[in-house]
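Everything on this sheet refers to the single structure shown next.
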Amino acid sequence: MNVNQKVETALSNLVNDNIWPLSCPLEEPPDEWIVYNPELEAPGDFGDDRDLEWVHYMQVHWFKRGTAKSPVNYVGIRKAIRARLRDAGFTVSDITTLFENDTGITHLVFSCNIEEDDPYGET
């Protein structure tokens, strides 16, 4: 399973399958959705002058529209996303909380990483 599939499998049912790579393709986004994007792919270990393990660094963005142009309570979903990513094999390194005043959307950014299952396509 590739990294994108792992993210979607872990998180899609938290947002009624409103999850996409890079950006929401809908002209009018739903009330709650997730987008994710790669940040960096880098070797995590070297041996005998060869890269041995590759690590994928990702960002997962959760969005939810509030009803009163004020931030929504995100504590439960923050914990759920963090736990689901961990259960899928990701390490969450930080979470940034943002609020968009003009749209009333609360936005959480999860920075995470995971080792590539088969970096050389050998299996």
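Throughout, residue positions are numbered sequentially from 1 according to the sequence presented.
Counting heavy atoms from C-beta outward, Leu11 and Ile81 have side chains that approach closer than 4.5 Å. Between Leu108 and Ile77, some side-chain heavy-atom pair lies under the 4.5 Å cut-off. Side-chain contact between Glu116 and Asn2 is absent, with no heavy atoms from C-beta onward closer than 4.5 Å. Using a 4.5 Å heavy-atom cutoff, the side chains of Pro30 and Cys24 are in contact. Two residues are said to be in side-chain contact when any heavy atoms from C-beta on lie closer than 4.5 Å; Asn18 and Glu32 fail this criterion. At a threshold of 4.5 Å between non-hydrogen side-chain atoms, the residues Trp33 and His61 do not count as touching. Side-chain contact between Val7 and Ile19 is present, with at least one heavy-atom pair separated by less than 4.5 Å. Between Pro71 and Asn101 the shortest side-chain heavy-atom distance does not fall below 4.5 Å.
Atom-to-atom distance recorded for Asn113:CG and Trp54:CH2 is 14.0 Å, nearest 0.5 angstrom. Taking CZ from Arg82 and CZ from Phe110, the interatomic distance works out to 8.0 Å, rounded to the nearest 0.5 Å. Rounded to the nearest 0.5 Å, atoms CG (Asn73) and NZ (Lys64) are 9.0 Å apart. Taking CE of Met1 as the start and NZ of Lys6 as the end, the distance is 7.5 Å to the nearest 0.5 Å.
Note: the hydrophobic cluster containing Ile95 also contains Ile114 (ILVMFWY, side chain heavy atoms under 4.5 Å, direct or indirect links). Residues Met58 and Val55 fall into different hydrophobic clusters, defined by Ile, Leu, Val, Met, Phe, Trp and Tyr side chains chained together at heavy-atom separations under 4.5 Å. Using a 4.5 Å cut-off between side-chain heavy atoms of Ile, Leu, Val, Met, Phe, Trp and Tyr, with links allowed through other members, Val35 and Val92 fall into different hydrophobic clusters. Under the 4.5 Å side-chain contact rule for hydrophobic residues, Phe63 and Val72 do not share a cluster.
Side chain of Ser111 to backbone of Ser93: no donor-acceptor contact under 3.5 angstrom is found.
Checked by atom type, the side-chain pair Arg84/Asn13 shows a donor-acceptor distance below 3.5 Å. Checked by atom type, the side-chain pair Glu8/Trp20 shows no donor-acceptor distance below 3.5 Å.
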Query - Worked check of side chain to side chain contact (heavy atoms under 4.5 Å, CB included) between Leu14 and Trp62 - result: CA-CA 10 Å; Leu14 290 175; Trp62 172 84; over 6 Å; no
**Report entry** Candidate pair Cys112 and Val60, rule side chain to side chain contact (heavy atoms under 4.5 Å, CB included), full reasoning
**Finding:** CA-CA 8 Å; Cys112 57; Val60 174; 4.2 Å; yes
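Under a 4.0 Å N-O distance rule, the pair Glu28/Arg65 qualifies as a salt bridge.
For Phe99, the CZ atom sits in a packed shell: over 12 heavy atoms of surrounding residues, nucleotides or ligands are nearer than 6.0 Å.
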